[in-house]
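Working notes for the structure below.
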Amino acid sequence: MQNVYIFVFTILFSLVLSDSDHGDAVISYTSENFDDALDKAKHFVMFYAPWCGHCKRLSPTWNELAKLYNPMIDQPLIIAKVDCTGETALCAKHEITGYPTLKFFPDRYSEVVRYKSARDLQSLQAFIEEQLSNAPEQTEEKNQPSSGLFDLTDDSFPKHVETGSHFIKFYAPWCGHCKRLAPTWEDLAMHYLGQEDVSVAKVDCTVHRATCDSYGVRSYPTLYFFRNGEKVDEYQGGRSLEDLLDYMEIQLSAKNVNADRTDEKIPDAIPEEKEPEETLEAVFELEADSFTGGISEGLVFVKFFAPWCGHCQRLAPTWKELSKEMAKYPIVTIAKVDCTVSTNICKENGVRGYPTLILFKDGQKVTEYTGSRDLGDLVEFMLEHIQQEVHDEL
């Protein structure tokens with residue numbers, strides 16, 4: 001009997017030790033209690049495997065993080081962990097393809113944010129504070145997740161695809177090809193973060209079967225491109241990030257050709273008497289071969305835009321009015337760059353959303369304008385920099 005007690009004690013001790021290896025202050029979840037926990041608080045979760053060396057090296061830091069946040073009564077955040085060797089279904093559901101994977105869950109239904117930065121305590125704390133302070137505001141329409149990737153449901157799908165262009169992955173959590181594609185799909189979504197009427201999304205067909213059935217999804221992953229509520233194409237090319245980005249640009253360019261371009265439409269014939277009025281607008285269109293020279297002298301205020309962008313279309317008349325207001329100042333140029341044409345120029349200038357408004361002085365970036373797009377505010381912004389320019393010359 002004594003040997004039996006020793007054997008049982010040894011087993012229990014080994015279990016506790018194994019658990020302690022990955023943080024005794026960290027809350028451990030299983031598939032039975034994970035979703036319910038997400039309903040009650042925000043969670044930062046480490047998905048791990050006990051044999052994983054990287055997980056073992058992270059565990060002391062993760063435990064310190066838990067000691068900082070888990071006891072806080074006034075802060076609804078829990079530092080947690082899931083053992084993927086025991087909870088294979090739960091980890092498959094959340095597309096865990098490597099260990100450790102760290103994910104921030106605002107709640108049960110909101111878009112999850114995957115942590116990809118340094119794993120020291122300070123960096124992890126900074127990430128948490130950023131997530132807690134930047135909780136997305138509720139709007140009447142869809143909210144942009146901070147990771148860029150939309151997680152659609154049977155309820156949210158119709159409204160989401162109703163307008164704009166959307167590349168959507170229909171998948172099953174148990175699908176090996178889906179798991180391999182998941183990190184690349186997240187990276188693809190980041191490229192279109194913040195772009196108006198453009199999204200990269202996913203639908204879990206094991207949960208939202210009605211949507212998948214309605215579009216004839218029979219294998220995973222199935223990648224469909226939607227435009228203004230209609231499925232227009234099924235993607236069957238390579239699954240590298242470069243392949244997917246090239247496909248997105250082709251689809252967005254196809255939309256641009258057919259879009260109503262309220263600011264750039266060229267009439268079939270320009271009446272002769274209208275030429276002086278058009279000249280007064282003086283919005284210079286810069287391209288790859290003219291950009292460097294175009295911003296090399298004076299103050300050049302550039303609108304980086306995409307023709308399909310709704311915000312850009314609404315700004316276009318105001319931008320022309322601004323060019324008229326600034327025509328009296330020889331040192332000022334009002335310009336624009338079409339990012340669907342001059343892609344590299346936009347990337348070099350850090351353009352990640354449309355429209356992006358950047359002021360240059362003698363070829364160097366001065367600032368990115370982030371204020372109101374009202375004509376009065378734009379004029380005031382320019383006058384401040386004109387006065388500064390004159391002062392510097394004196």
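Each residue takes its place number in the sequence, starting with 1. Just so you know, these numbers use all the heavy atoms, side chains as well, and skip hydrogens, waters and symmetry mates.
Judged purely by atom type and a 3.5 angstrom limit, N33 uses its side chain to pair as donor or acceptor with the backbone of T30. Side-chain atoms of N70 come within 3.5 Å of backbone N or O of A25 as a donor-acceptor pair. Of the possible polar contacts, one joining the D374 side chain to the G376 backbone as a donor-acceptor pair under 3.5 Å is found. The backbone N or O of I168 sits nowhere less than 3.5 Å from a side-chain atom of W185 that would complete a donor-acceptor pair. Between the H191 side chain and the L245 main chain, no donor and acceptor come within less than 3.5 Å of each other.
The closest side-chain donor-acceptor pair between H208 and T153, if any, does not fall under 3.5 angstrom. Between the side chains of S31 and E87, at least one donor-acceptor pair of N or O atoms lies under 3.5 Å.
Taking the centre of each ring, H94 and F34 come in below the 6.0 Å mark. In summary, the aromatic rings of H385 and F301 are positioned with their centroids too far apart to meet the 6.0 Å limit. Aromatic rings from F127 and F44 are positioned such that their centres are separated by under 6.0 Å.
In this structure, S240 and T184 approach most closely via the heavy-atom pair C-CG2, 4.1 Å. Of all heavy-atom pairs spanning R119 and T61, the tightest one is O-CG2, 3.7 Å. Minimum interatomic distance between V283 and K320 (heavy atoms only, all atoms of both residues): CG2-CA, 4.0 Å. Smallest separation of non-hydrogen atoms from L378 and Y369: CD2-CE2, 3.4 Å. Counting all heavy atoms, side chain and backbone alike, K42 lies closest to L132 at CD-CD2, 3.5 Å. When all heavy atoms are compared, the tightest approach of W319 to A335 is NE1-O, 3.0 Å.
Contact check for V203 versus Y215: no side-chain heavy atoms found under the 4.5 Å cut-off. Under the 4.5 Å side-chain criterion, counting only non-hydrogen atoms from C-beta, V232 is in contact with Q251. Put simply, the side chain of T206 reaches to within 4.5 Å of the side chain of W174, judged on heavy atoms. Counting heavy atoms from C-beta outward, M382 and L359 have side chains that approach closer than 4.5 Å. Inter-residue side-chain proximity for T222 and E234 is flagged as met; some heavy-atom pair is nearer than 4.5 Å. Using a 4.5 Å cut-off on side-chain heavy atoms (C-beta onward), D243 and Y235 make contact. You'll find the side chain of N349 reaches within 4.5 Å of the side chain of F360, heavy atoms only. Using a 4.5 Å heavy-atom threshold, the side chains of L58 and L102 count as touching.
Transitive grouping of hydrophobic side chains (ILVMFWY, heavy atoms separated by less than 4.5 Å) keeps L315 and V341 in distinct clusters. No path of Ile, Leu, Val, Met, Phe, Trp and Tyr side chains, each step under 4.5 Å between heavy atoms, connects V207 with F105, placing them in separate hydrophobic clusters. Note on V26: it clusters hydrophobically with Y48, by side-chain heavy-atom contacts below 4.5 Å among ILVMFWY residues. Under a hydrophobic-cluster definition in which Ile, Leu, Val, Met, Phe, Trp and Tyr are linked whenever side-chain heavy atoms come within less than 4.5 Å, directly or via other members, Y69 and L124 are assigned to the same cluster. A single hydrophobic cluster is seen to contain both V351 and L286, as judged by linkage of ILVMFWY side chains at heavy-atom distances under 4.5 Å, directly or through other members.
Atoms NZ and CD1, from K365 and I358 in turn, are 4.5 Å apart once rounded to the nearest 0.5 Å. With values rounded to the nearest 0.5 angstrom, N63 atom CG is found 11.0 Å from L121 atom CG. Atom CG in L299 sits 7.5 Å away from atom CG in D362 (nearest 0.5 Å). Atom CG in D197 sits 14.5 Å away from atom OH in Y192 (nearest 0.5 Å). To the nearest 0.5 Å, atom CG of residue L188 and atom CG of residue L193 are 12.0 Å apart. Taking OG from S28 and CE from M46, the interatomic distance works out to 9.5 Å, rounded to the nearest 0.5 Å.
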_Step-by-step side chain to side chain contact (heavy atoms under 4.5 Å, CB included) determination, T318 to R373_ = CA-CA 8 Å; T318 304; R373 293 170 186 161; over 6 Å; no

*Could you go through the ring pair (Phe, Tyr, Trp, His ring centres under 6.0 Å) check for Y29 and H43 one step at a time?*
CA-CA 11 Å; Y29 287 126; H43 282 73; 5.3 Å; yes

*Please test T85 against Y99 for side chain to side chain contact (heavy atoms under 4.5 Å, CB included), starting from the C-alpha separation and ending with a verdict.*
CA-CA 11 Å; T85 62; Y99 309 121; 5.6 Å; no

*Please step through side chain to side chain contact (heavy atoms under 4.5 Å, CB included) for the pair I128 and Q131, ending with a clear verdict.*
CA-CA 5 Å; I128 288 174; Q131 295 305 314; 5.8 Å; no

*Please walk me through it: do I250 and D233 pass side chain to side chain contact (heavy atoms under 4.5 Å, CB included)?*
CA-CA 12 Å; I250 290 171; D233 191 40; over 6 Å; no

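The aromatic rings of F167 and Y247 sit tilted relative to each other, their planes meeting at an angle between 30° and 60°. Between F170 and F157, the angle of the ring planes lies from 30° to 60°, which puts this pair in the tilted group.
Around atom CD of E297, no more than 12 heavy atoms belonging to other residues, nucleotides or ligands sit under 6.0 Å away. Within 6.0 Å of NZ in K116 there are more than 12 heavy atoms belonging to other residues, nucleotides or ligands.
Using a 4.0 Å cut-off between charged nitrogen and carboxylate oxygen, R114 and E95 do not count as a salt-bridge pair.
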